[in-house]
Number of protein chains: 2
Amino acid sequence: MAKKKRVDEPACAVDYAFRRIGGKYKGRILWYLNARAVMRYGELRKAIKDITPKMLTQTLRELEDDKLIQRKVYHEVPPKVEYSLTETGAELIPFIDHLRQWGDRQMEKEAWPGISC
Amino acid sequence: MAKKKRVDEPACAVDYAFRRIGGKYKGRILWYLNARAVMRYGELRKAIKDITPKMLTQTLRELEDDKLIQRKVYHEVPPKVEYSLTETGAELIPFIDHLRQWGDRQMEKEAWPGISC
DNA sequence: CAGGATCCATAACGATACTG
DNA sequence: CAGTATCGTTATGGATCCTG
């Protein structure tokens with residue numbers, strides 16, 4: 001998911017795009033950041049209940065390197081860091097939203113309890 | 001990507017959807033099947049130049065278990081197997097297309113040689 | 001032609017403890 | 001509060017050879 005992969009050429013635009021938003025948490029992080037506009041590290045951690053600090057940090061860094069999110073540090077005590085979507089990241093939202101709607105329909109069909117994002 | 005994962009509840013619809021189309025080749029397979037309507041095993045293998053037979057079979061089976069594609073076997077010699085999208089799989093195409101367009105724009109920005117799907 | 005089987009490498013992810 | 005560091009597990013993908 002990180003640097004390495006992007007070094008070898010993507011086979012095509014679909015391949016390229018999936019590499020950038022693949023991974024277990026990227027979709028959800030982007031979606032949350034869209035819904036709430038700006039979120040602190042701790043808020044994201046609470047929102048994504050199953051994530052560990054390591055994975056959260058790692059995923060946030062990858063998204064940042066990919067210019068899909070922005071990181072703003074407030075140098076104060078206690079520290080405060082805010083994350084938000086970049087323009088490029090925001091362009092992905094319609095896609096994620098449609099995918100989410102599709103997911104909702106499928107989950108109903110399969111009788112999963114519908115869990116809202 | 002296979003059964004195991006889908007056993008534990010997805011956190012939400014975004015999580016659910018990403019699980020179903022994640023993986024290195026799923027997006028591209030769905031996209032190709034959409035563009036060409038129906039494809040044989042060997043055609044897919046040629047289209048996805050970097051895939052091994054094992055991965056192709058494995059990915060196709062997962063997509064089939066997920067009811068995103070259909071598999072039609074012709075019992076003749078030499079054997080012939082055709083793959084095509086299901087209704088549910090076809091519903092994903094607009095989103096893959098959207099994502100593909102986004103990928104195209106990004107690749108231009110980064111000055112990757114644009115490789116068409 | 002369309003795969004199955006086997007073995008292997010690495011990448012992705014996770015638990016836990018600690019820190020500026 | 002917002003992370004690091006270290007270590008371990010599992011999932012994913014790959015090479016190679018074989019077959020109805």
Side-chain angles (χ1 to χ4, degrees), chain A residues 1-8 10-11 15 18-29 32-33 38-66 69-84, chain B residues 1-8 10-11 15 18-29 32-33 38-66 69-84:
Chain A
M1 206 83 320
K3 294 287 169 58
K4 181 92 171 306
K5 278 202 161 174
R6 207 145 317 105
V7 163
D8 41 54
D15 186 27
F18 271 89
R19 289 189 194 187
R20 281 185 73 164
I21 58 162
K24 191 166 177 180
Y25 304 102
K26 289 190 178 177
R28 272 190 282 168
I29 289 178
Y32 285 131
L33 286 181
V38 63
M39 286 177 88
R40 297 179 59 174
Y41 183 90
E43 293 182 293
L44 280 164
R45 200 169 158 183
K46 275 198 295 184
I48 307 171
K49 301 165 302 296
D50 55 335
I51 204 168
T52 60
K54 180 198 150 181
M55 281 311 297
L56 179 53
T57 300
Q58 185 178 307
T59 309
L60 288 169
R61 292 291 130 81
E62 288 175 13
L63 289 169
E64 199 192 349
D65 291 347
D66 269 356
I69 67 172
Q70 273 167 326
R71 180 168 179 267
K72 184 171 183 189
V73 184
Y74 294 82
H75 292 286
E76 48 187 58
V77 207
K80 175 174 163 184
V81 180
E82 287 181 345
Y83 294 91
S84 57
Chain B
M1 206 82 315
K3 294 286 170 59
K4 181 96 169 305
K5 278 203 159 175
R6 209 146 315 107
V7 163
D8 40 55
D15 186 27
F18 270 87
R19 289 189 194 186
R20 282 185 71 164
I21 58 163
K24 191 166 178 180
Y25 304 103
K26 288 190 179 178
R28 271 190 282 168
I29 290 179
Y32 285 131
L33 286 181
V38 64
M39 288 177 86
R40 296 180 61 175
Y41 183 89
E43 294 182 292
L44 279 164
R45 201 171 158 181
K46 274 198 296 186
I48 308 171
K49 300 165 302 298
D50 54 336
I51 203 167
T52 59
K54 178 199 152 182
M55 282 311 298
L56 180 53
T57 301
Q58 185 177 308
T59 308
L60 288 169
R61 291 292 130 80
E62 288 174 14
L63 289 170
E64 199 193 350
D65 290 348
D66 270 357
I69 66 171
Q70 274 167 326
R71 179 167 179 268
K72 184 170 183 187
V73 185
Y74 294 82
H75 292 286
E76 47 186 61
V77 208
K80 175 175 164 186
V81 180
E82 287 180 345
Y83 293 91
S84 57

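Predicted model, so just to flag it, every value in this text is computed and none were measured. Chain naming here is simple, since letters A, B, ... match the order of the sequence lines and numbering starts at 1 in each.
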Exercise. Rounded to whole angstrom units, what separation is found between the CZ atom of A:Phe18 and the P atom of D:dG13?
Worked result: 13 Å
Exercise. For B:Leu44 and C:dG3, what is the distance between atoms CG and P respectively, to the nearest whole Å?
Worked result: 10 Å
Exercise. What is the distance from CG of A:Leu56 to C1' of C:dC13, rounded to the nearest Å?
Worked result: 14 Å
Exercise. Heavy-atom distance under 4.5 Å between the side chains of B:Leu60 and B:Arg71, does that happen here?
Worked result: no
Exercise. Expressed in angstrom and rounded to an integer, what is the separation of A:Lys46 atom NZ from D:dG3 atom P?
Worked result: 16 Å
Exercise. For every nucleotide of nucleotides 14-20 of chain C, 5' to 3': is a protein heavy atom under 4.0 Å from its base (B), only from its sugar-phosphate (S), or from neither (-)?
Worked result: BB----B
Tabulate below the donor-acceptor pairs under 3.5 Å that side-chain atoms of residues 40-52 of chain B make, not counting sequence neighbours, or state none.
| from | atom 1 | to | atom 2 | distance (Å) |
| --- | --- | --- | --- | --- |
| B:Tyr41 | OH | B:Pro53 | O | 3.2 |
| B:Tyr41 | OH | B:Thr57 | OG1 | 3.1 |
| B:Glu43 | OE1 | B:Arg40 | N | 2.7 |
| B:Asp50 | OD1 | B:Arg28 | NH1 | 3.4 |
| B:Thr52 | OG1 | B:Met55 | N | 3.3 |

Problem set entry | Nearest atoms (heavy-atom pairs only) where A:Ser84 meets A:Val38 | CB-CG2, 4.3 Å
For this session: Enter the distance from A:Ile29:CD1 to A:Thr59:OG1 here, rounded to the nearest 0.5 Å.
Result: 5.0 Å
Exercise. Taking atom CE of A:Met39 and atom CD of A:Glu82, what is their separation to the nearest 0.5 Å?
Worked result: 11.0 Å
For this session: Please report, rounded to the nearest Å, how far the P atom of C:dA2 is from the OH atom of B:Tyr83.
Result: 9 Å
Exercise. Separation of B:Arg61 atom CZ from C:dA2 atom P, in whole Å?
Worked result: 12 Å
For this session: Please check the phosphate of D:dG3 (OP1 and OP2 only) for any side-chain N or O of A:Arg71 closer than 4.0 Å.
Result: yes
Exercise. B:Leu63 has an atom CG; how far is it from atom P of D:dT12, in whole Å?
Worked result: 13 Å
Exercise. Does A:Arg45 have a side-chain nitrogen or oxygen under 4.0 Å from the phosphate oxygens OP1 or OP2 of D:dA2?
Worked result: no
Exercise. For the atom pair CD (B:Glu62) and CD1 (B:Ile21), what is the distance rounded to the nearest 0.5 Å?
Worked result: 13.5 Å
For this session: Take the protein atom CD of B:Glu62 and the nucleotide atom P of C:dG3, then report the distance between them rounded to whole Å.
Result: 15 Å
